[in-house]
Amino acid sequence: MGCIETRVKEHKAKKIQGKIAKGWNVCCNYSNAVNGRIWLLWKAHIQLQIIHMTDQFIQCCIEDTNSQFKTNFSIIYAQNDGNQRENLWRDLRGLTIPSQEAWLLSGDFNNVLSSEDRIGSPVTDAEIKRFKDVIDDLQLTLLSAKGWHYTWTNKQGSDSRVYSKIDWALGNYQWIQQYGHIEADFLNPSVSDHSPILIKCGRQQLMHPKPFRLYTNIMELPQFQNIMQQVWKQHYEGAPMQQIWSKLKNMKEQLKEVNAYMASYKQRLEQAREKLDVIQTQIKQNPLSQSLFNEEKITLAEIEKWSNVEEQVMRQKSKACWIEYGDANTKYFHA
């Protein structure tokens, strides 16, 4: 369990930790931050090794032999000031994570990833770019998410309320390969101004391989044409049909990330509807705001986009059927 922004003085920490997690092991970063910005707590059966610690994150390696779960883990609490966050980006880039090991990063990054991640205050290209560059450099992917999209709010009145998506859960390639089924659940904020993140970790037992479905909407994206051209220009050995099969297989690998984005249509649609509800509530309070009209128009377009994807998926599912044929001793199935 990671606790951030505890606001507990060091001389009171042990007493409070004993009340909220009696018998648990604890690591805090009081040595790097006077106010101990991050607490890391774990049960006795968990093997945990602290690797690195700063005022903005604690890096460790976690292993639970009971469930055969193992990962590198970074709990993040980024500074509010963008210049100070540069130290966090630099330190994360400097970590040495073996390419064959899973890596999970979660916490308050104090940074949005797109202009759609904040309502009530403008988003600059500079703040987006720095965070995106880190994610690209470290080859990280957002975990599938559910629950609240806007994870922080200033809890002010409707005229001055701000919603932001600044809490994130990300994983490297090995994490996605091993634990891609795990979701980050952004819970109700309760008395906090942040939504807690619940990540239920464990291995998924697949009874059969998950089929790859290409969403036709992907063909409308600019990157689809680029990927197709790059793959088709590559040379492959073998007979002509073998070469085509190799190209299609390569395209499948190249399109997985984009396809996964489209596959999250339910989450995206729910987030867009949630955002529209917030915007229209603000319009009710401020009925002549052109900026709110613009946000409403963009969000309606998002809802239409993801609704079309949902309709397409349902149509594909309704067409899927199995045909059984053969004699009494031999059965064949065809989709």
Side-chain angles (χ1 to χ4, degrees), residues 2 47-49 51-52 57-64 67-76 78 88-107 109 111 113-114 117 128-146 165 167-186 197-206 208-215 218 221 223-224 226-228 230-231 234 246-265 267-268:
Q47 297 180 23
L48 188 144
Q49 180 184 3
I51 305 297
H52 190 68
F57 77 101
I58 296 177
Q59 177 71 24
C60 63
C61 183
I62 301 171
E63 184 172 5
D64 182 0
S67 62
Q68 297 182 325
F69 175 81
K70 183 178 180 180
T71 187
N72 294 278
F73 176 52
S74 301
I75 177 170
I76 310 290
L88 171 62
W89 309 148
R90 181 201 63 212
D91 292 339
L92 289 176
R93 286 186 174 102
L95 291 175
T96 303
I97 307 294
S99 59
Q100 71 275 14
E101 294 184 8
W103 183 18
L104 171 68
L105 304 88
S106 183
F109 289 77
N111 220 118
L113 262 178
S114 75
D117 290 333
I128 294 175
K129 184 180 185 303
R130 290 168 181 169
F131 190 22
K132 274 189 173 180
D133 287 345
V134 174
I135 292 176
D136 291 341
D137 292 346
L138 298 178
Q139 298 182 358
L140 302 175
T141 302
L142 299 178
L143 268 64
S144 297
K146 61 181 180 180
K165 169 70 172 174
D167 301 271
W168 302 92
L170 308 105
N172 67 348
Y173 176 78
Q174 282 300 328
W175 171 274
I176 300 302
Q177 287 293 102
Q178 296 180 49
Y179 309 116
H181 61 284
I182 294 176
E183 294 180 315
D185 190 0
F186 293 87
I197 309 173
L198 177 62
I199 303 174
K200 295 183 178 181
C201 297
R203 291 189 176 273
Q204 183 184 37
Q205 295 183 348
L206 292 176
H208 53 80
K210 185 177 180 180
F212 176 82
R213 294 189 178 94
L214 178 66
Y215 292 90
I218 289 178
L221 302 178
Q223 55 264 50
F224 175 81
N226 295 333
I227 291 173
M228 186 176 69
Q230 290 173 7
V231 170
Q234 295 178 16
S246 299
K247 290 179 180 182
L248 290 173
K249 185 178 179 181
N250 191 4
M251 274 197 69
K252 172 185 170 181
E253 294 299 319
Q254 297 290 331
L255 289 170
K256 272 186 176 179
E257 185 175 345
V258 183
N259 207 57
Y261 173 78
M262 298 300 290
S264 62
Y265 66 91
Q267 175 193 340
R268 305 285 176 177

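The residues of the chain are indexed from 1 along the displayed sequence.
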Subject >> Identified side-chain contact (heavy atoms from CB on, under 4.5 Å) counterpart of E63 within the set Q49, Q68, Q47 >> reply: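 The single option meeting the side-chain contact (heavy atoms from CB on, under 4.5 Å) with E63 is Q47.
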Subject >> side-chain contact (heavy atoms from CB on, under 4.5 Å) assessment of L105 paired with L140 >> reply: CA-CA 9 Å; L105 304 88; L140 302 175; 3.8 Å; yes
[X]: which residues meet the side-chain hydrogen bond (donor to acceptor under 3.5 Å, both in side chains) condition with it, sequence neighbours left out?
X    : value
D64  : S67
N111 : R85
Q230 : none
Q234 : Y236, N250

Original post:
Got a salt bridge between D133 and K129, using NZ or NE/NH1/NH2 to carboxylate O under 4.0 Å?
Top reply: yes
Original post:
Quick one: salt bridge (Lys or Arg N to Asp or Glu O under 4.0 Å) pairs with a partner in residues 168-179, sequence neighbours left out?
Top reply: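 Counting only pairs at least two positions apart or across chains, no salt bridge (Lys or Arg N to Asp or Glu O under 4.0 Å) contact touches residues 168-179.
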Using 0.5 Å steps for rounding, measure from the [atom1] atom of [X] to the [atom2] atom of [Y].
X    : Y    : atom1 : atom2 : value
I197 : D167 : CD1   : CG    : 5.0 Å
L143 : E183 : CG    : CD    : 9.0 Å
C201 : W175 : SG    : CH2   : 4.0 Å

**OP:** On the 0 to 90° scale, with breaks at 30° and 60°, tag the H52-F57 ring pair as parallel, tilted or perpendicular.
**Re:**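 H52 vs F57 ring planes: tilted.
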Subject >> Residues that N72 engages under side chain to side chain contact (heavy atoms under 4.5 Å, CB included), provided they are two or more places apart >> reply: Q59, C61, I97, E101, W103
Original post:
Within 45° of the ring axis of F109 and under 6.0 Å from its six-membered ring centre, is that where the NZ or CZ of K165 lies?
Top reply: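 Because its charged atom misses either the 6.0 Å distance or the 45° angle limit, K165 does not stack over F109.
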